[in-house]
Protein chains: 2
Amino acid sequence: MTITPAAGPDTSTLRGASTPARSRRGTGSYDDRRDRLADSALVTLGELGYARTSLREIAANSEFTHGVIHYYFRDKTELITYCVRYYKATCVTRYDDVIKDSTTADGLVRGFADKLVETITDEAPMHRLWYDLRTQSMFDAALREDVLYIDATLETMVWRVLERYAALAGRPVRLPSSTAYAMLDGVFERALLRHVCGDARALDQLHATVLGTLPLLLADA
Amino acid sequence: MTITPAAGPDTSTLRGASTPARSRRGTGSYDDRRDRLADSALVTLGELGYARTSLREIAANSEFTHGVIHYYFRDKTELITYCVRYYKATCVTRYDDVIKDSTTADGLVRGFADKLVETITDEAPMHRLWYDLRTQSMFDAALREDVLYIDATLETMVWRVLERYAALAGRPVRLPSSTAYAMLDGVFERALLRHVCGDARALDQLHATVLGTLPLLLADA
DNA sequence: AATGGGTCTTGACAACTGTCCAGAAGAAGG
DNA sequence: CCTTCTTCTGGACAGTTGTCAAGACCCATT
């Protein structure tokens with residue numbers, strides 16, 4: 001998958017627009033290999049966390065050697081930044097099916113809860129990496145622009161779910177988008193923490209919490 | 001302030017119970033200097049974040065030299081762990097005055113919102129450090145025990161506020177303690193992120209959000 | 001004054017980090 | 001074949017890290 005940033009922070013790199021589509025060596029185009037490197041990096045980052053992940057470790061878990069990284073990325077910051085944007089593309093559409101396929105308010109709530117549990121089960125390393133990067137942005141200004149942009153994207157993603165829920169229920173959401181997102185994110189982050197720490201009940205509790213909480217976000221009938 | 005862990009994870013160090021109360025050198029007792037070292041460390045950690053803070057940096061910002069750290073702490077992990085516990089002691093009583101002094105439900109909500117804004121204004125580095133450590137615990141098992149214990153402590157701290165609020169309002173809280181904490185924590189974390197990133201409206205919005213949201217946590221009249 | 005032990009300083013060590021570079025490897029075009 | 005360009009390798013560099021140890025310092029007791 002080649003990332004195609006539609007909006008948001010500047011995505012230009014050191015290479016001009018005339019990037020060669022075909023490579024001389026290796027498989028796939030220049031951008032393909034860049035993305036595969038970012039893909040490997042994300043796996044390693046999700047495993048070790050931002051702080052402990054070195055460029056050599058990233059390279060070791062990829063098809064490249066450590067020297068190549070500086071061929072595709074100017075420095076570590078550019079690699080991380082690119083990875084963050086790459087990550088975003090993999091998660092913005094996560095709940096679109098829930099929105100599209102639900103025909104009742106209760107069905108949407110169940111589908112949403114199921115999806116939250118599923119994504120923690122399948123993609124916990126990616127989620128903890130996101131929280132890691134978001135927290136790091138409080139110390140490292142270089143990450144802020146991207147983090148805030150992705151956070152806003154996630155907020156609208158959640159808001160689309162709630163708007164559909166409100167429409168199906170015939171009652172408006174009684175909280176602003178920012179508050180609703182912050183609350184649900186807090187619930188999700190807590191469940192992720194418990195789950196990663198080995199709490200077997202974390203996912204069931206998340207499911208129950210979402211079922212019990214989402215109705216409270218709508219105005220009274 | 002000397003930390004006196006009442007409950008929670010094991011706090012024992014390499015030194016036995018017969019710790020000398022008076023030192024031969026430096027000012028204060030052995031435990032005093034240990035705490036002052038932890039105090040310096042927390043300031044540095046809050047400034048740079050867990051990942052970027054080295055033992056030499058901690059020592060440079062303290063009254064000690066870098067070698068002393070291994071005299072008071074076995075290794076970096078023990079220092080961090082001690083700091084985390086030390087941190088907890090400084091924040092568990094944060095809202096006790098609000099609980100004690102409030103005489104009306106609305107007054108408690110205002111006092112709580114004021115206090116949240118105040119603590120972000122005054123102690124933002126400490127808060128972002130907490131979120132940093134909590135996130136790191138998802139990657140580093142050594143931190144988990146302490147993090148989960150502190151998180152539980154914060155939950156009961158928030159719960160005490162809500163119980164008092166419910167009593168003053170004459171309506172019960174309609175969410176379990178865990179959910180209520182997760183939601184408010186999400187709102188708080190978001191406000192902190194915005195604030196640290198330079199968003200001047202973050203604190204006003206936090207205040208307004210708390211005023212608007214807390215009533216929703218109680219059952220209908 | 002001498003001793004002994006708690007406290008602290010200083011320098012060293014190996015391991016690791018991001019970055020850079022000289023050159024090899026390989027494909028495309030002449 | 002030879003040249004040219006992209007791609008990649010492997011090593012080197014300087015800086016930083018946690019950890020340790022030899023010894024200096026200082027105070028209390030004898």
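Chain A is the first sequence line, chain B the second, and so forth, proteins listed ahead of strands; every chain is numbered from 1.
Within the structure, every side-chain polar atom (N or O) of B:Arg56 is placed at least 4.0 Å from both OP1 and OP2 of D:dT19. In terms of phosphate contacts, A:His70 brings a side-chain nitrogen or oxygen within less than 4.0 Å of OP1 or OP2 of C:dT19. In terms of phosphate contacts, A:Tyr72 brings no side-chain nitrogen or oxygen within less than 4.0 Å of OP1 or OP2 of D:dT7. Taking side-chain N and O atoms only, B:Arg33 has a distance below 4.0 Å to OP1 or OP2 of C:dC8. Note on A:Tyr71: every side-chain N or O is 4.0 Å or more away from OP1 and OP2 of D:dC8.
Between A:Ser54 and A:Gly67, the residue anchored nearer the 5' end of DNA chain C, judged by the nucleotide with its closest heavy atom, is A:Ser54.
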(request) For B:Glu123 and B:Arg128, run salt bridge (Lys or Arg N to Asp or Glu O under 4.0 Å): C-alpha distance rounded to whole Å, both residues' side-chain angles, the deciding distance at 0.1 Å, then the answer. (result) CA-CA 9 Å; B:Glu123 306 165 296; B:Arg128 67 180 172 182; over 6 Å; no

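Under the 30°/60° scheme for interplanar angles, the aromatic rings of A:Phe188 and A:Tyr131 are found to be tilted. By the 30° and 60° cut-offs, the orientation of the rings of B:Tyr72 relative to B:Tyr30 is tilted.
In this structure, CG of A:Asp75 is placed 14 Å from C1' of C:dT17, rounded to the nearest angstrom. Rounded to whole Å, the distance from CG on B:Asp31 to P on C:dT7 is 10 Å. Atom CZ in B:Arg52 sits roughly 16 Å away from atom P in C:dT17 (whole-Å rounding). Whole-Å rounding puts the A:Glu63 CD to D:dC8 P distance at 8 Å. Distance A:Leu55 CG to C:dC20 P: 11 Å, rounded to the nearest Å. Residue A:His66 contributes atom NE2, which lies 12 Å from atom C1' of C:dC16 at whole-angstrom precision. Rounded to whole Å, atom P of C:dT19 lies 10 Å from atom CD1 of A:Ile69. D:dT19 atom P lies 13 Å from atom CZ of B:Phe73, rounded to whole Å.
Closest to the side chain of A:Lys76, out of C:dG18, D:dT19, D:dC8, is C:dG18. With distances taken from any side-chain atom of A:Val68 to the nucleotides D:dT9, C:dC8, C:dT19, the minimum falls on D:dT9.
A cation-pi arrangement is absent between B:Arg33 and B:Phe64, since the terminal nitrogen or guanidinium carbon is not both under 6.0 Å from the aromatic centre and inside a 45° cone about the axis.
Checked by atom type, the side-chain pair B:Arg94/B:Thr119 shows a donor-acceptor distance below 3.5 Å.
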